[in-house]
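Comments concern the structure below.
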Amino acid sequence: MTSFIKLIFVSFHVVVGVVTCTLIFPISSKKVRMGLIRKWAQLLLFYLRVRVETIGELPDFKKQTYILTSNHISWVDIFVIHSLHPVRFVSKSEVRHWPVFGWLADKSGTLFLQRQNRRATQAIGNDMVYALREGDSLGLFPESTTSNGQQILPFKSSMLQPAVSEKTPFLPIAIRYYLSNGKINPYIPFVGDMNFVSSLLGVVKSPQTTVKVAIGHIITPVDVHRRELAQILEKDTQTLLHEVLK
């Protein structure tokens, strides 16, 4: 499949997503919306020729609400996670302004954070608590930025407090993208001065990709400070990345 054909399929699929969010989401139950998000993410990855391979098993999200944390390489990470189990992501406010994809993120329940704004941080913390109490699992990228996928950046603790207060279990995972020859895929990382459009075109140009998702053990924050929890999550993610995703 050429890059041009991939781009056509992706563009059509995005239109389907817009129609679905506009016409179907408002009249659908949460269960139906989650199912539609998962199926849409799976098809997007199919059109992008990204195959998901999991190492370990996800817990039963129907029985328990979780905070899913991951290292962060690209916007593609979001759809990889959605393809396994949709969660409500906490994301930087800039994402909301991405062409079409930002609108889709908003409609799929993403909570947007205005960085460098204390009041906004407190407000999104309240939103996170409300979402958890409503039974919604959340997705966090504690590095607060993207990397090339070869190492873990320091985990920030600011967004962990709501889950610590609610004693919500954490589920760390690690993600890495590979080409068919076993080398790390250089087309996927969304780093440096890239904008979303250039990143999208780079992903479309990428050869067939396998993304390996290593699923860690559940961590329940009982009598632990959020900074200590950030260190635990970072260490576990490092272990998953270097010992499992070889």
Side-chain angles (χ1 to χ4, degrees), residues 1-10 13-14 37-59 68-87 89 91 95 98 101 105 139-155 170-217 233-246:
M1 187 186 297
T2 66
S3 298
F4 179 70
I5 293 175
K6 284 170 70 174
L7 188 58
I8 290 176
F9 275 113
V10 169
H13 191 54
V14 168
I37 290 171
R38 184 181 185 192
K39 187 62 177 178
W40 192 89
Q42 290 172 340
L43 283 173
L44 177 66
L45 296 177
F46 174 77
Y47 293 139
L48 292 173
R49 298 182 70 198
V50 176
R51 184 177 67 90
V52 181
E53 179 182 320
T54 58
I55 302 168
E57 294 185 5
L58 287 171
L68 190 151
T69 63
S70 174
N71 62 313
H72 198 15
I73 301 168
S74 168
W75 53 270
V76 183
D77 305 342
I78 293 170
F79 301 106
V80 170
I81 293 170
H82 275 333
S83 75
L84 299 174
H85 182 84
V87 296
F89 280 97
S91 183
V95 171
W98 287 356
F101 278 84
L140 293 176
F141 296 113
E143 292 166 299
S144 296
T145 188
T146 51
S147 74
N148 60 13
Q150 299 188 49
Q151 72 282 320
I152 301 294
L153 301 178
F155 276 23
F170 281 78
L171 178 66
I173 68 170
I175 294 174
R176 182 174 277 174
Y177 297 85
Y178 293 92
L179 297 172
S180 58
N181 60 7
K183 294 184 178 181
I184 293 177
N185 189 327
Y187 297 88
I188 301 295
F190 184 11
V191 293
D193 297 327
M194 274 187 179
N195 58 40
F196 177 74
V197 174
S198 63
S199 175
L200 173 62
L201 293 176
V203 172
V204 168
K205 291 178 183 177
S206 172
Q208 186 168 339
T209 302
T210 296
V211 54
K212 293 187 178 182
V213 182
I215 302 165
H217 299 292
L233 290 168
E234 181 182 334
K235 182 179 178 181
D236 280 13
T237 308
Q238 287 274 15
T239 300
L240 290 170
L241 196 64
H242 295 299
E243 293 188 6
V244 181
L245 301 182
K246 295 179 181 179

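- No side-chain donor-acceptor contact under 3.5 Å links Ser198 to the backbone of Met194.
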Practice problem: Using the side-chain contact (heavy atoms from CB on, under 4.5 Å) rule, take Leu44 and Val76 through it: C-alpha gap first, then chi angles, then the decisive distance, then the call. | Solution: CA-CA 10 Å; Leu44 177 66; Val76 183; over 6 Å; no
Quiz item: Please walk me through it: do Val14 and Phe101 pass side-chain contact (heavy atoms from CB on, under 4.5 Å)?
Solution: CA-CA 8 Å; Val14 168; Phe101 278 84; 3.7 Å; yes
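- In this structure the side chain of Ile55 never reaches within 4.5 angstrom of the side chain of Ile215, judged on heavy atoms.
- Proximity of the aromatic rings of Phe141 and Phe89 is defined here by a centroid distance below 6.0 angstrom, and this criterion is met.
- For Asn185, the side-chain hydrogen bond (donor to acceptor under 3.5 Å, both in side chains) partners at least two apart in sequence or on another chain are Ser206, Thr209.
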Self-check item: side-chain contact (heavy atoms from CB on, under 4.5 Å) assessment of Leu153 paired with Thr145
Solution: CA-CA 8 Å; Leu153 301 178; Thr145 188; 3.5 Å; yes
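- Once rounded to the nearest 0.5 Å, the distance linking CD of Gln151 with CD of Glu143 reads 8.0 Å.
- Looking at Thr146, its side chain does come within 3.5 Å of a backbone N or O of Phe190 through a donor-acceptor pair.
- The two residues Pro142 and Ser70 make their nearest non-hydrogen contact at CD-O, 3.6 Å.
- From Leu84, atom CG reaches atom CD1 of Ile173 across 7.0 Å, with rounding to the nearest 0.5 Å.
- Side-chain contact between Arg176 and Ile184 is present, with heavy atoms from C-beta onward closer than 4.5 Å.
- Aromatic ring pairs are classed by plane angle as parallel below 30°, tilted from 30° to 60° and perpendicular above 60°; the pair Tyr47 and His13 is perpendicular.
- Between the CD1 atom in Ile5 and the OG1 atom in Thr2 there is a gap of 3.5 Å [rounded to 0.5 Å].
- Rounding to the nearest 0.5 angstrom, the gap separating the CD atom in Gln238 from the CD1 atom in Ile152 is 5.0 Å.
- Counting non-hydrogen atoms of neighbouring residues, nucleotides and ligands closer than 6.0 angstrom, the OH atom of Tyr187 reaches no more than 12 such neighbours.
- The structure places CD1 of Ile175 at 14.0 Å from NZ of Lys212, a figure rounded to the nearest 0.5 Å.
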Exercise. Start with the C-alpha gap between Asp77 and Ser74, add the side-chain angles, then the distance that decides, and say whether side-chain hydrogen bond (donor to acceptor under 3.5 Å, both in side chains) holds.
Key: CA-CA 6 Å; Asp77 305 342; Ser74 168; 5.2 Å; no
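- Considering every non-hydrogen atom in both Leu241 and Gly149, the closest pair reads CD2-O, 4.2 Å.
- When all heavy atoms are compared, the tightest approach of Ala105 to Val95 is CB-CG1, 4.4 Å.
- The shortest heavy-atom contact between His242 and Gln150 is CE1-O, 3.8 Å.
- The minimum heavy-atom distance between Pro172 and Leu240, with the atom names listed, is O-CD1, 3.7 Å.
- A distance of 10.0 Å separates CG of Leu233 from CG of Leu171, quoted to the nearest 0.5 Å.
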Practice problem: Check the pair Trp40 / Phe79 against side-chain contact (heavy atoms from CB on, under 4.5 Å), numbers first and verdict last. | Solution: CA-CA 9 Å; Trp40 192 89; Phe79 301 106; 3.5 Å; yes
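- Ile73 has its side chain out of reach of Asn148: every pair of non-hydrogen atoms, C-beta onward, lies at least 4.5 Å apart.
- Residues passing the side-chain hydrogen bond (donor to acceptor under 3.5 Å, both in side chains) test with His217: none are found, sequence neighbours excluded.
- In terms of modelled atom types and a separation under 3.5 Å, the side chain of Gln208 and the main chain of Arg49 share no donor-acceptor contact.
- For the side chain to side chain contact (heavy atoms under 4.5 Å, CB included) test, residues two or more places apart in sequence or in another chain that qualify with Ser83 are Ala41, Gln42, Leu45, Val52.
- Between His82 and Ile37, the shortest heavy-atom distance links the atoms CG-CG2, 3.8 Å.
- Taking a 6.0 Å sphere around CG of Asp193, one finds it holds 12 or fewer heavy atoms contributed by other residues, nucleotides or ligands.
- One N or O on the side chain of Lys6 and one on the backbone of Val204 form a donor-acceptor pair closer than 3.5 Å.
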